[in-house]
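What you are looking at is a predicted structure, and each value in this text was computed from that prediction instead of being measured. Every chain is numbered from 1 and lettered A, B, ... according to where its sequence line falls, protein lines coming before strand lines.
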Number of protein chains: 2
Amino acid sequence: MSITYREVKADLLRQITQGELAPGSSMPNEVDLAASYGCARATVNRAMRELADDGIIERRRKAGTRVRLNPIRQVRLNIPIVGQEIEELGAAYRYALVHGQAEPAPNWLRARMALKRDDRVLHLTCMHYADGAPYQHEDRWINLDALPEAEQHDFSDIGPNEWLVSTVPFTEAQISFHAVQADATIADYLDCTEGDALFQAERMTWLEGQTITFVQLTYRRGHRLTMQY
Amino acid sequence: MSITYREVKADLLRQITQGELAPGSSMPNEVDLAASYGCARATVNRAMRELADDGIIERRRKAGTRVRLNPIRQVRLNIPIVGQEIEELGAAYRYALVHGQAEPAPNWLRARMALKRDDRVLHLTCMHYADGAPYQHEDRWINLDALPEAEQHDFSDIGPNEWLVSTVPFTEAQISFHAVQADATIADYLDCTEGDALFQAERMTWLEGQTITFVQLTYRRGHRLTMQY
DNA sequence: AAGTGGTCTAGACCACTCC
DNA sequence: GAGTGGTCTAGACCACTTC
């Protein structure tokens, strides 16, 4: 059994975390490391490439490889569909369509979604419940110019997110997180007090340059987005 | 010039996004793809491995490779040091130490940081300004049992985050985001109204199983964390 | 000019898992 | 049992960057 790239990666990482390879110091080149580990250069290359992807080391041709002074701290954030999110908490998921109507895009939305003057949108308001308690309020607009079939679809049983994922997968998106104060309407839906601080996500989605949908997801009071790294 | 793994990856991705390879359908195996692209199997392997890492396709030995039905949506979130964050906005950064004191760990913090009964902590309160306006309020506790040298260090000029990154790089961490209501103290520091909804991050950091520091970072009103994917 | 990482090749063996 | 992806090898050429 020969040495694997995982073993090389683990050993290099150990040397870095335990201080044998100090931040800012340069590491041996691939040929030398391969010789000292007794493996092929490609094996060392894959180990170091992954460490570079992880933001631990920095590589430049000719200049060589260095341990980063300030390791890049990065997280992979999975963006789940709310139903899956709730079921992974071990709670029962329920969905409800509150309101759905096709209408001309209001000005603020036209600007935000970069819509044309006469574009129409489908405005959907939904609620997502975990074990019967309000979990998330969804306010969504779908560009009917890009996705006319949405107008005929019945969103009573299947949430717009699930429908969109199965209809237009592989879109590009931008997501942003922030805090909002609950207004009277949201407070009512989420069973909290007006003025409460709530966690909100906004997402805009494109397919080949065309805006597909914009959504505001407001979470119940106390919601946290947690990640390890 | 032979075909690169990037070209193979781009071509496969094109086929997926343009619907030639439908979600859920299975793809040819590596040997066949290599033959049809006229390249080595390793080249196809790297292209497909990256697509799998990106959450676009799903691979299983013997079963083969399939286009994911629901592509995994994931983001790489860089967690910058606040000074860099502000300078990248094109604003001037200023730091101020508000308060610093070594003290016995309060009970809630002992539980949270998993400290021993008599452990002491260094409690630091700091402010970070962008172009003179309040940007972030930092409330930090450092475990003096794990990092006794912190007690002698002067945090007047250099923020605790920068000092920690240079003193104990390569730690493990957990980060969580949520919304809080500004209390009177925070409202005063961040120049907002009591009760305003603010975006807050909490981070806990470990080195080899030992808790190093816990920090609450409260951002000015209206702060957003934005990501593309 | 020369050193370093980036990538491709052709071949091999292996590990996993479905049938 | 057999098909598929996972990985390693030894060698090669190239691209980039610093000297």
Can you check the [X] [atom1] to [N] [atom2] distance for me, whole Å?
X: B:Arg49; N: C:dC8; atom1: CZ; atom2: C1'; result: 14 Å
X: B:Glu50; N: D:dT7; atom1: CD; atom2: P; result: 13 Å
X: B:Tyr5; N: C:dG6; atom1: OH; atom2: C1'; result: 8 Å
X: B:Glu58; N: C:dT17; atom1: CD; atom2: P; result: 13 Å
X: A:Asp53; N: C:dG6; atom1: CG; atom2: C1'; result: 13 Å
X: A:Lys9; N: D:dC8; atom1: NZ; atom2: P; result: 12 Å
X: B:Arg46; N: D:dC8; atom1: CZ; atom2: C1'; result: 16 Å
X: B:Glu30; N: C:dC16; atom1: CD; atom2: P; result: 17 Å

Residue pair A:Arg73 / B:Thr171, side-chain donor-acceptor N/O under 3.5 Å: yes

5' priority, DNA chain D, between A:Ala63 and A:Ala40 [closest heavy atom]: A:Ala40

Residue whose nearest DNA chain D nucleotide is more 5′ - A:Arg61 or A:Cys39: A:Cys39

Side-chain N or O of [X] closer than 4.0 Å to phosphate OP1/OP2 of [N]:
X: B:Asn45; N: D:dG6; answer: yes
X: B:Thr43; N: C:dT9; answer: yes
X: B:Arg59; N: D:dT4; answer: no
X: A:Arg6; N: D:dG6; answer: no
X: A:Arg60; N: C:dG5; answer: no

Steps toward side chain to side chain contact (heavy atoms under 4.5 Å, CB included) verdict (B:Gln15, B:Met27): CA-CA 11 Å; B:Gln15 291 187 47; B:Met27 301 170 72; over 6 Å; no

Could you please name the option among [options] that lies closest to any side-chain atom of [X]?
X: B:Thr65; options: D:dG1, C:dA10, D:dG5; answer: D:dG5
X: B:Ala42; options: C:dT9, D:dG5, C:dG6; answer: C:dT9
X: B:Lys62; options: D:dC19, D:dC8, C:dC18; answer: C:dC18

Working for side chain to side chain contact (heavy atoms under 4.5 Å, CB included), residues A:Thr213 and A:Leu164: CA-CA 9 Å; A:Thr213 182; A:Leu164 283 163; 4.0 Å; yes

Closest heavy-atom pair and its distance - B:Thr43, B:Ile3: CG2-O, 4.0 Å

Touch class at under 4.0 angstrom, heavy-atom based, for B:Arg41 against every strand present: base

Residues A:Tyr95, A:Glu162; criterion side chain to side chain contact (heavy atoms under 4.5 Å, CB included); working and verdict: CA-CA 11 Å; A:Tyr95 160 77; A:Glu162 286 174 72; over 6 Å; no

